[in-house]
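Report on the structure given below.
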Amino acid sequence: APRGPPLELSRLEPRRDPEAAHRALARAYARNPGSPELLIGLTSDNRGPTYFTRTTDGGATWEPARAIYDPGVNNSTIGNVIAVTPDGRFALACGHGPEPISVIELSTGGERNTFPLVQDCDAIETCVDGSVLVASTRGNVVRRLLLDDTGVLTDTGNELQITSPLNVYCAPDARTGVVLGGLGIGIVRSFSVLGLQPLAALTDPELRPLSGVFSHDGKRFFMNQWSD
């Protein structure tokens with residue numbers, strides 16, 4: 001498998017916000033390319049479904065929110081299990097159990113398609129090339145699906161094994177990605193999106209990766225950690 005240069009870790013001093021944990025845990029927004037004035041909003045919390053709303057006046061008013069994906073009893077759609085495609089056409093949502101991935105058409109707010117899962121879905125990411133990355137914490141795996149122009153998901157068969165993946169991210173050019181994981185020993189692993197081939201990894205017992213984001217040029221990745 002191809003290998004990349006070692007990952008270098010630099011520490012930035014965070015600004016702590018003690019109230020952040022009490023706010024909504026997930027928000028995703030997208031503009032509909034067919035209607036520049038239409039802004040779509042998706043929100044969820046840690047106790048239930050994903051909600052859909054939209055505005056046609058630049059955010060001055062919003063349609064009443066309605067539930068568009070319910071993960072079921074004792075399940076949730078927090079944080080990293082909602083993703084909007086880069087073109088703003090679809091949103092993908094899943095629960096933390098093995099419920100199907102729901103593909104939602106943002107122009108209507110209706111479900112376009114579903115994709116069955118046999119493992120839990122703990123993070124989902126969309127890439128500009130149509131790749132959809134799905135992380136399963138209990139399954140210790142990241143899978144790569146493909147989303148076509150009609151909103152249909154197919155399985156590529158690509159898998160990347162990693163201990164307890166928590167979050168997964170695609171670089172802006174969709175050539176590489178980063179997955180955060182680890183149980184006891186934190187892991188930050190980079191990989192090629194095509195084929196999910198591992199490139200480089202950083203492991204550290206003091207590392208407690210939680211979430212992150214790529215820079216716009218895709219050359220840097222910023223990460224924050226769990227705090228006590």
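This chain uses plain numbering: 1 for the first residue, then up along the sequence.
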Of all residues at least two apart in sequence or in a different chain, which pass the side-chain hydrogen bond (donor to acceptor under 3.5 Å, both in side chains) check with [X]?
X	value
T137	D122
S215	D217
T156	N158
N224	S211

So, for [X] and [Y], which heavy atoms are closest and what is the spacing to 0.1 Å?
X	Y	answer
V179	F191	N-CE2, 3.7 Å
P198	R189	CB-NH1, 3.4 Å
G181	P209	O-CG, 3.5 Å
L166	A123	O-CB, 3.5 Å
V103	F90	CG1-CD2, 3.9 Å
D120	S136	OD1-OG, 2.5 Å

Out of curiosity, [X] [atom1] to [Y] [atom2], how far, rounded to the nearest 0.5 Å?
X	Y	atom1	atom2	value
D173	K219	CG	NZ	10.5 Å
L145	L153	CG	CG	5.5 Å
I101	N113	CD1	CG	11.0 Å
C170	R175	SG	CZ	12.0 Å
T150	R89	OG1	CZ	8.0 Å

Mind checking side chain to side chain contact (heavy atoms under 4.5 Å, CB included) for [X] and listing every partner two or more places apart, or none if nothing turns up?
X	value
V128	P86, A174
T176	A171, L199
T108	E105
S131	C127, D129, R144, L146, V193

Please check if I162 and L196 belong to a single hydrophobic cluster, counting links between Ile, Leu, Val, Met, Phe, Trp and Tyr side chain heavy atoms closer than 4.5 Å.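 Same hydrophobic cluster.
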Are L160 and V168 linked, directly or through other ILVMFWY residues, by side chains that come within less than 4.5 angstrom of each other?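 Per the 4.5 Å side-chain linkage, L160 and V168 are co-clustered.
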So which pairs with a foot in residues 146-170 pass salt bridge (Lys or Arg N to Asp or Glu O under 4.0 Å), sequence neighbours left out?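 Pairs touching residues 146-170 that pass the test: R143-D155.
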Establish, from distance only, whether the side-chain atoms of Q197 and S192 form a donor-acceptor pair under 3.5 Å.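 The criterion, which ignores hydrogens and geometry beyond distance, is not satisfied for S192 and Q197.
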Show your reasoning for whether side chain to side chain contact (heavy atoms under 4.5 Å, CB included) applies to T126 and L147. CA-CA 9 Å; T126 58; L147 181 69; 5.7 Å; no
Does L92 form a side chain to side chain contact (heavy atoms under 4.5 Å, CB included) with I104? I'd like the steps, not just the answer. CA-CA 6 Å; L92 286 78; I104 301 151; over 6 Å; no
Pairwise side-chain contact, Q119 with V141, heavy-atom cut-off 4.5 Å (strictly under): yes
Those residues that, when tested against F214, pass ring pair (Phe, Tyr, Trp, His ring centres under 6.0 Å) (two or more places apart):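 F221.
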Give me the one residue out of V142, L180, L133, I187 that meets side chain to side chain contact (heavy atoms under 4.5 Å, CB included) with P165. V142
